[in-house]
**Student:** 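Got a structure here, written out as structure tokens. Questions coming.
Both backbone and side-chain heavy atoms feed into the values below; hydrogens, waters and symmetry mates do not. On a predicted model such as this, the values are computed, not experimentally measured, just so you know. For ligands, and for the atoms within them, numbers begin at 1 and follow the listed sequence.
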Amino acid sequence: MRLIATFLLAAAALPAATYMALDQAIPHAEAATSTSTAHALYEQQCQSCHGANRLGGAGPALLPESLGRIKRAEVRQVIEQGRPASQMAAYGAVLDAAQIDALVDYLYTPSAVPPTWSDADLRASQRIFADVATLPATPQHGADPLNLFVVVEAGNHQVRILDGDHFEELAKFKSHFALHGGPKFSPDGRFVYFASRDGWVSVYDLHNLTMVAEVRAGLNTRNLAISNDGRWALVGNYLPGELVVLDARDLSLVKRIPATGLDGVTSRVSAVYTAPPRDSFVVALKDVQEVWELSYAGTPDFVPRRIQAKDFLDDFSFTPDYRQLLATSRKAQGGQVIDLDSGRALTDIPLPGMPHLGSGIYWQRDGKWVFATPNVSQGLISVLDMQTWELIKEIPTEGPGFFMRSHENSKYAWTDVFFGPNNDAIHLIDKQSLEVAHTLRPVPGKNAAHVEFTRDGKHLLLSVWDTDGALLVLESDTLKEVKRIPMNKPSGKYNVGNKIGFVEGTSH
Ligand code: DHE
């Protein structure tokens, strides 16, 4: 079966109910066909694209670890009806209902032999598309290189590069399946790095608008970070549970570090970030109560410094000076602050529900830093004092949200209502009064989500996250729409200058 379906991409538009079902057991349908028959069906119909052992090939990996966020009904529908605008054909006429059910069950069944990804597999997957040494070292496109936007168009699994002064497209290229997390940039803004949930890491040259290299760093990846000196990429994987250090120039393998705690348990990696003033990567582990710091100063050995955490960490963010880490665990009530210098947990923080700290932002209010985070299970924004760690306010929203953004030149913090019936709303929170100053519904009935500002903060790009969606360009002060670019589920977009400056109001 040419199952080059974008199962994982389909997840990019999962409704709230699907997201809420994360980690919940999915009821199994009665399989009318035995597992061995389903395995044979897979080999006959799916393997040529999705790879032996379901590890992925031209199509995405079809392992429970990769499909966990997608409803079985949706997977069934893709097999039966195919997926428009992809190479995934419809198999409703080829397979009967029982066979399709058996196949779906099979895809959600863990492999009898745990999937592996060896050094040799990793090295063999590396592809070099361009020799950077032979490419011009200056921008070849005429646009301001620090005001470019990298836009992930999830519905088409492609990326578009926009000129941030005129909002014109400079380039468009296919990405791997289900890019997730923010693309990361080299410190000079020339190279942008992407990670897909399937473990593919790619590097693209924004000066020459060309792909440089790619490698499959794992089977299921969380995200990646780039060192502040531009030399290293660190990839955090769920499967295998490990960190992978790559040479940032061509993505060749430098080191693999199993995410094994002092207790001997090997963990999934929750997230990895760079902490520029510390010359280090900081890593949270999902199944081991440790935070790791890996220095990349000088000639690094990438041996982690282990900090004991009070809980398993899902998500985290930093204080502006990168001395402290704010962390949450989805299972815990609230969060914790960890001092990275002393390695000590400082205090608990009052955060209900499931705060999405990775999307949290900070700004100055009355001369003090405040931190605000959306919450993926409750319709509220928590605002914390970053000195006392007291809760200043819980701002009610029309539903749980995913992302938050601002800019030092904007008086508003923008946040979406990603889940529920009001997911077409965007709230603009006054950063001083902490009141919702405006609620916009850019396209009524369609999910509005994720905002990114131009470098000067005068305009912002907003996603209408729908198959028949668009990227809207708004003026920040008048809130007037000045341009609409049709797109298929545009998800995140990233301004080069804002990202390499780690500016206030953007994600890290
Ligand atoms: Fe994300 C960033 C975790 C589901 C779209 N997401 C991140 C980051 C983390 C994270 C830790 C920061 C990494 C980075 O940028 O380097 N996301 C999680 C989850 O744990 C969660 C809830 C479940 C999961 O299966 O992973 C999850 N995320 C989603 C989605 O369902 C979204 C909406 C669609 C999709 O693409 O899968 C989604 N996440 C995003 C985006 C970013 C992101 C667009 C980057 C935001 C930014 O502005 O930097």
**Student:** If you measure from each non-hydrogen atom of H450 to ligand 1, which part falls under 4.0 Å: side chain, backbone, both or neither?
**Tutor:**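 The part of H450 near ligand 1 is the side chain, not the backbone.
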**Student:** Can the ring centres of F191 and F185 be said to be less than 6.0 Å apart?
**Tutor:**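 No.
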**Student:** Is H356 close enough that one of its N/O/S atoms sits under 2.8 Å from atom 1 (Fe) of ligand 1?
**Tutor:**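 Short answer: no, not a single N, O or S atom is under the cut-off.
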**Student:** With a 3.5 Å distance limit and no angle check, can you tell me whether N147 reaches the backbone of G164 through a side-chain donor-acceptor pair?
**Tutor:**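 Flag set: sc N147 to bb G164 pair under 3.5 Å.
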**Student:** Say whether G181 and ligand 1 are in contact under the criterion: heavy-atom distance to a ligand atom below 4.0 Å.
**Tutor:**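 Yes, G181 has heavy atoms under 4.0 Å from ligand 1.
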**Student:** Just to verify, what does H450 make a ring-ring contact (aromatic ring centres under 6.0 Å, His included) with, not counting sequence neighbours?
**Tutor:**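 H450 satisfies ring-ring contact (aromatic ring centres under 6.0 Å, His included) with F403, Y494 only.
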**Student:** May I ask you to check whether H508 and Y322 show a side-chain donor-acceptor distance below 3.5 Å?
**Tutor:**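 On atom types as modelled, these side chains qualify, holding a pair under 3.5 Å.
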**Student:** Using ring centroids (six-membered ring only for Trp), state whether F302 and Y296 fall under 6.0 Å.
**Tutor:**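 Y296 vs F302: aromatic centres not under 6.0 Å.
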**Student:** So, K499 versus S507: side-chain donor-acceptor pair below 3.5 Å or not?
**Tutor:**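 Checked: K499/S507 side chains pair up, N/O donor to acceptor below 3.5 Å.
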**Student:** Looking only at N/O atoms, are S507 and ligand 1 under 3.5 Å apart anywhere?
**Tutor:**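 S507 vs ligand 1: N/O contact under 3.5 Å present.
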**Student:** Is the closest N or O pair between R222 and ligand 1 shorter than 3.5 Å?
**Tutor:**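 So ligand 1 has an N or O lying under 3.5 Å from an N or O of R222.
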**Student:** Can an N or O of G182 be found at a distance shorter than 3.5 Å from an N or O of ligand 1?
**Tutor:**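 It does: an N or O of G182 is found under 3.5 Å from an N or O of ligand 1.
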**Student:** How about R306: does its CZ atom have over 12 heavy atoms from other parts shown lying under 6.0 Å from it?
**Tutor:**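 Yes, the 6.0 Å shell around CZ holds more than 12 heavy atoms from other groups.
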**Student:** Tell me, do R160 and P490 make a side-chain contact under 4.5 Å, heavy atoms counted?
**Tutor:**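 In short, these two side chains do not touch, never coming nearer than 4.5 Å.
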**Student:** For the 3.5 Å polar cut-off, considering only N or O atoms, please tell me whether K184 and ligand 1 meet it.
**Tutor:**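 Among all N and O atoms of K184, at least one is under 3.5 Å from an N or O of ligand 1.
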**Student:** Check R405 against ligand 1 and report side chain, backbone, both or neither, counting heavy atoms closer than 4.0 Å.
**Tutor:**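 For R405, the contact with ligand 1 is made by the side chain alone.
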**Student:** If I apply the N/O under 3.5 Å rule, does D315 come out as touching ligand 1?
**Tutor:**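 By distance alone, the answer is no.
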**Student:** Looking only at N/O atoms, are R197 and ligand 1 under 3.5 Å apart anywhere?
**Tutor:**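 Yes: some nitrogen or oxygen of R197 is under 3.5 Å from one in ligand 1.
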**Student:** Decide whether an N or O pair under 3.5 Å exists between H180 and ligand 1.
**Tutor:**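 Checking ligand 1 against H180, an N or O pair does fall under 3.5 Å apart.
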